[in-house]
Amino acid sequence: MALGVFSIEWVEASRPVFMMFWSTFVGGNILVGAMIIHVFLGMQSLYLRNTLQMSSYDVIQFASALLIMPLLIPHAWGIIGGVALLNYKPTFPLMLQLFWIDTPLEGLRQVLLVVVAWVHACIGLFTWLKLKVWWPRIAPFTYPLAVAIPVLALLGFAEGGNSALALLQAGTVLPIQPADPAVQLDGVTFSENFAFLTTVKWGMLYGYCILVAAVMIARFIRLRAIIGMVEIHYQNDDGTSKSIRTKAGASLLEIAIMNDIPHANLCRGRGRCGTCRVLVENSSGTISQPSDLEQATLTRLNCPSGVRLACQLKPKVGSIHIKPLMEPDVETKNLHDTTTGEEVLAQ
Ligand code: FES
């Protein structure tokens with residue numbers, strides 16, 4: 001779409017190149033599969049969250065994840081259904097005419113979709129890349145790109161809108177629907193097909209809202225079913241200590257966040273960075289074994305036995321004594337040896 005800054009013909013000429021893979025059977029299925037997996041993982045994450053208290057990054061990523069589907073469904077279904085039932089050819093000029101002349105609210109939705117999806121993707125990529133040793137070297141180039149790409153795309157969209165409006169003034173706008181909506185398309189009228197597409201679109205949107213509500217209710221029931229308290233005793237490096245008593249069920253990191261206790265968590269609880277690691281000094285109850293993800297991170301960091309990731313360990317009812325091993329304000333630059341570039345291992 002960024003090519004629209006130069007001309008709408010350029011955008012249209014580039015379409016076969018960009019769509020070459022995604023319009024194939026394999027490419028189409030990868031797109032749909034990725035979308036379904038993304039929704040499933042999002043719902044799973046929502047269900048398993050023990051607190052909705054989050055960092056501002058997580059709030060933005062969480063809200064954008066929830067918004068993507070309602071913004072994407074009308075676009076994706078409009079193209080699939082429009083091609084199959086209304087004989088549309090989804091060219092850029094047709095899309096621009098739809099967005100700028102026929103259904104401007106759809107144009108606004110499309111702009112929001114681009115912004116929301118881009119922000120969501122950037123936060124996810126940033127969370128992953130910032131842990132890499134080479135990230136500080138490429139970061140100065142990626143930040144401008146992260147801003148320039150969507151800005152250019154939106155400028156191209158706006159410029160394309162100018163072209164569409166110029167066509168309108170010149171009286172050369174293509175008809176979006178046949179002059180007679182009763183015209184037959186494979187035995188069904190245009191109006192009937194259009195009404196069917198609209199019904200299915202709203203069905204998908206309502207279905208998505210019901211799914212989110214059902215997951216929220218299931219999460220509420222899950223949290224209500226947890227009974228029992230856990231006492232956590234923090235022993236800090238400087239000799240100070242602190243104890244809190246809270247409901248069991250959440251991870252040590254979630255408990256720290258809920259109780260405003262600063263705790264390092266550079267990957268924001270994804271079990272990858274290891275900065276949330278703690279030494280479990282003793283516990284009155286059994287402690288679950290590390291998951292494969294947690295074990296992989298502990299092994300990578302050469303952690304001695306007794307060390308666990310606070311974002312993964314959910315203490316059971318009883319008491320647990322822990323010692324956080326990283327400063328709460330640890331930064332990504334502290335994760336690697338400045339001379340060798342090697343990851344700093346656990347002591
Ligand atoms: S917050 Fe990164 S591993 Fe726990």
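Both ligands and their constituent atoms are indexed starting at 1 by order of listing.
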Suppose we only count N/O/S atoms under 2.8 Å; would Cys273 qualify as near atom 2 (Fe) of ligand 1?
yes

Among Leu72, Leu67, Val111, whose side-chain contact (heavy atoms from CB on, under 4.5 Å) with Val116 holds?
Leu67

What are the atoms of ligand 1, with element, lying closer than 4.0 Å to any heavy atom of Gly274?
2 (Fe), 3 (S)

At less than 2.8 Å, would any N/O/S atom of Cys276, backbone or side chain, sit next to atom 2 (Fe) of ligand 1?
no

Under 30°, 30 to 60°, or over 60°: which ring-plane class applies to Tyr143 and Phe126, parallel, tilted or perpendicular?
tilted

Run the numbers for me: atoms of ligand 1, each under 4.0 Å from some heavy atom of Gly269, listed by number.
1 (S)

Using a 4.0 Å cut-off to any heavy atom of Gly271, which atoms of ligand 1 qualify?
3 (S)

Going through the checks in order, is the side chain to side chain contact (heavy atoms under 4.5 Å, CB included) test met by Leu325 and Val278?
CA-CA 5 Å; Leu325 297 175; Val278 296; 5.5 Å; no

If you count the atoms of ligand 1 from 1 in the order shown, which ones are under 4.0 Å from a heavy atom of Cys311?
1 (S), 3 (S), 4 (Fe)

Stepwise side chain to side chain contact (heavy atoms under 4.5 Å, CB included) test for His38 and Met69:
CA-CA 10 Å; His38 224 75; Met69 285 310 286; over 6 Å; no

Aromatic ring pairing Phe99/Phe157, orientation class (parallel under 30°, perpendicular over 60°, tilted between):
tilted

Run the numbers for me: atoms of ligand 1, each under 4.0 Å from some heavy atom of Cys267, listed by number.
1 (S), 2 (Fe), 3 (S)

Mind checking whether Arg272 contacts ligand 1 via backbone (N, CA, C, O), side chain (CB onward), both or neither, at a 4.0 Å heavy-atom cut-off?
backbone

Is it the case that one hydrophobic cluster holds both Val215 and Met204, taking links as side-chain heavy atoms less than 4.5 Å apart, direct or via other members?
yes

